[in-house]
Amino acid sequence: MLGSPQDIALLAGLALLLFGPKKLPEIGRALGHGLGNFKKALTEAQSEFKEGAANAEKPPVIEEEKKTG
């Protein structure tokens, strides 16, 4: 499981070796933009779903005709 400081340091060191110090900020920015766009799309999808559910056609209620007489 990822989460201990040693694991994070190991991954950061590996990323530094693989991509170099100049490329890491670009990768971080791209990842941040991607996550931001994903979150925005998810929020829009949720609001559209809720709006669609609220506006969904409900089955008509059949009322019995009142008999006079």
Side-chain angles (χ1 to χ4, degrees):
M1 179 178 249
L2 181 68
S4 70
Q6 293 89 6
D7 291 342
I8 295 171
L10 179 66
L11 285 178
L14 254 167
L16 188 62
L17 285 174
L18 287 174
F19 301 111
K22 292 183 180 181
K23 200 73 169 168
L24 280 182
E26 293 175 25
I27 294 171
R29 264 192 299 280
L31 186 61
H33 285 294
L35 287 175
N37 288 339
F38 177 74
K39 185 176 179 181
K40 182 180 174 184
L42 184 62
T43 303
E44 288 176 4
Q46 286 175 339
S47 65
E48 285 181 19
F49 179 76
K50 287 178 184 177
E51 183 180 315
N55 294 335
E57 230 179 89
K58 296 178 182 160
V61 177
I62 301 173
E63 295 180 21
E64 291 185 32
E65 292 182 24
K66 294 181 181 179
K67 294 182 181 178
T68 57

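Since the model is a prediction, treat every value here as computed from it, not as a measurement. Count residues from 1 along the sequence.
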- Item | Ion pair Glu26/Lys23, N-O distance below 4.0 Å | yes
- Message: Would you say that Gln46 contacts Leu42 through its side chain, given a criterion of any heavy-atom pair below 4.5 Å between the two side chains?
- Response: yes
- Who else is in Leu24's hydrophobic cluster (ILVMFWY, side-chain heavy atoms under 4.5 Å, direct or via others)? Leu16, Leu18, Phe19, Ile27
